[in-house]
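Sequence positions, counted from 1, serve as the residue numbers for this chain. No experiment lies behind these values; they were computed from the predicted model shown.
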Amino acid sequence: MTIRVLLADDQALLRGTFRMLFDSTDDMETVGEASNGQEALELARAERPHVVLMDIRMPEMDGLDATRLISESEDLSGVKVLILTTFEDDEHVAEALRAGASGFLGKGARPEELLDAVRTIAAGEALLSPSATRALIKRFLAQPDPCSADVHERLECLTRRERDVVGLAALGLSNDQIAEHLFVSPLTAKTHVNRAMTKLAARDRAQLVVIAYQCGLVSPATESVGPATESGRSQASE
């Protein structure tokens with residue numbers, strides 16, 4: 001599959017640099033360039049990209065509003081947003097995750113990191129979670145937002161094992177790491193994650209993480225995941 005990328009940044013030179021990078025990569029192509037959020041929204045509807053590479057600070061409509069409108073649009077459900085920001089501790093990134101962004105990356109990232117990030121977001125496999133992302137989520141989602149009644153009802157539908165994997169995913173663990181921690185196969189871990197996403201109506205793994213913090217399934221103060229317990233081993237067949 002060729003990954004279709006839409007570039008949204010108010011700096012033409014930067015957009016041109018990204019276009020050259022993506023168009024020189026075998027599995028990617030640039031389908032449009034936007035200089036503000038309104039243009040990004042219109043081009044997303046016209047071109048149906050797999051990934052929108054979105055800057056936050058843009059004129060007319062910023063990247064936050066554009067991300068929110070894209071994520072709330074039913075006809076754009078397959079469009080993922082990757083936030084690209086100058087400051088990885090920018091509180092607006094947390095707002096972007098709440099708005100529906102699938103992850104973020106600093107503008108200081110190496111080209112290969114950006115390409116891998118776009119592939120990850122396009123595949124819907126995981127929230128980009130370097131240490132800065134974890135710190136950001138813990139800092140700005142430390143005070144959970146009130147969950148709606150329908151989300152609470154969906155939470156009640158989660159099995160204990162599904163709650164476990166949601167909590168581990170929120171700590172930045174991959175499916176392989178979740179599998180190792182819970183003594184299950186990677187395929188089983190992925191199945192549990194996907195079922196939890198379906199039950200919680202999460203559009204991707206990033207939103208699943210946000211829900212976990214907002215609704216208190218995991219504590220923002222949690223620093224790491226300890227070694228798996230014998231109880232975890234005994235429950236491996238669940």
message = Under the rule for side-chain hydrogen bond (donor to acceptor under 3.5 Å, both in side chains), what residues qualify as partners of E74, not counting sequence neighbours?
response = none
inquiry  = So, taking the atom named CZ in F22 and the one named OG1 in T17, what distance separates them when rounded to the nearest 0.5 Å?
reply    = 11.0 Å
key: Interatomic distance, F104 atom CZ to I56 atom CD1 [nearest 0.5 angstrom]   = 8.5 Å
task = Would you check if the side chain of R203 reaches a backbone N or O of S102 as a donor-acceptor pair within less than 3.5 Å?
result = no
key: Separation between CD of E60 and CD of Q38, rounded to the nearest 0.5 Å   = 8.0 Å
note = So CG of L114 and NZ of K107: to nearest 0.5 Å the spacing works out to 11.5 Å
key: Pair L84-D9, side-chain contact (heavy atoms from CB on, under 4.5 Å): steps then yes or no   = CA-CA 9 Å; L84 197 65; D9 196 294; 5.5 Å; no
inquiry  = List the residues meeting side chain to side chain contact (heavy atoms under 4.5 Å, CB included) with L187, not counting sequence neighbours, and say none if there are none.
reply    = S185, T191
remark   = Heavy-atom nearest pair, A169 first then I178, reads N-CD1, 4.0 Å
key: D65: partners by side-chain hydrogen bond (donor to acceptor under 3.5 Å, both in side chains), with sequence neighbours left out   = R68
inquiry  = I need the minimum non-hydrogen distance between M54 and A66, along with the two atoms involved.
reply    = CE-CB, 3.7 Å
task = Please check if M1 and L53 belong to a single hydrophobic cluster, counting links between Ile, Leu, Val, Met, Phe, Trp and Tyr side chain heavy atoms closer than 4.5 Å.
result = yes
query = Taking the side chain from T67 and the backbone from G100, do they hold a donor-acceptor pair closer than 3.5 Å?
reply = no
request  = Decide whether M28 and M20 are clustered together by the hydrophobic rule: side chain heavy atoms of Ile, Leu, Val, Met, Phe, Trp, Tyr closer than 4.5 Å, transitively.
outcome  = no
ask   = Considering all heavy atoms of both residues, which atom of A99 and which atom of L64 are nearest to each other, and what is their separation?
value = CB-O, 4.2 Å
ask   = For N175, which of H192, E180, K190, R205 qualifies under side-chain hydrogen bond (donor to acceptor under 3.5 Å, both in side chains)?
value = R205
key: Test log, rule side-chain contact (heavy atoms from CB on, under 4.5 Å), inputs L155 and L200   = CA-CA 7 Å; L155 287 173; L200 294 175; 3.7 Å; yes
query = Of the non-hydrogen atoms in G37 and M58, which two are nearest, and what is the gap between them?
reply = N-CE, 3.7 Å
request  = Check A212 against V166 and note the closest heavy-atom contact, atom names and distance.
outcome  = CB-CG1, 3.7 Å
request  = Starting from the C-alpha separation in whole Å, work towards a yes-or-no answer on side-chain contact (heavy atoms from CB on, under 4.5 Å) for L43 and V52.
outcome  = CA-CA 10 Å; L43 282 171; V52 179; over 6 Å; no
request  = State, to 0.1 Å, how close A44 and I70 come at their nearest heavy-atom pair, and which atoms those are.
outcome  = CB-CD1, 4.2 Å
query = At what distance, to the nearest 0.5 angstrom, does CG of L158 lie from CZ of R163?
reply = 5.5 Å
query = Would a distance-only check, ignoring hydrogens and angles, find a side-chain to backbone donor-acceptor pair under 3.5 Å from D164 to G167?
reply = no
message = The test is side-chain contact (heavy atoms from CB on, under 4.5 Å); show your working for M61 and L69 and say whether it passes.
response = CA-CA 11 Å; M61 179 189 291; L69 290 171; 3.7 Å; yes
key: Contacts of type side chain to side chain contact (heavy atoms under 4.5 Å, CB included), residue P111, not counting sequence neighbours   = L21
Rounded distance [0.5 Å steps], CG in L82 versus CG in L6 = 12.0 Å
key: Contact check, side chains of R195 and T159, non-hydrogen atoms, under 4.5 Å   = no
ask   = Does any N or O in the side chain of D55 come within less than 3.5 Å of the main-chain N or O of G63, such that one atom is a donor and the other an acceptor?
value = no
task = Scan for salt bridge (Lys or Arg N to Asp or Glu O under 4.0 Å) pairs involving residues 34-47, sequence neighbours excluded, and state none if there are none.
result = R4-E47
task = Applying side chain to side chain contact (heavy atoms under 4.5 Å, CB included), name anything that partners D75, two or more places apart in sequence or on another chain.
result = R48, S73
ask   = Just by distance, do the side chain of K199 and the backbone of C157 share a donor-acceptor pair under 3.5 Å?
value = yes
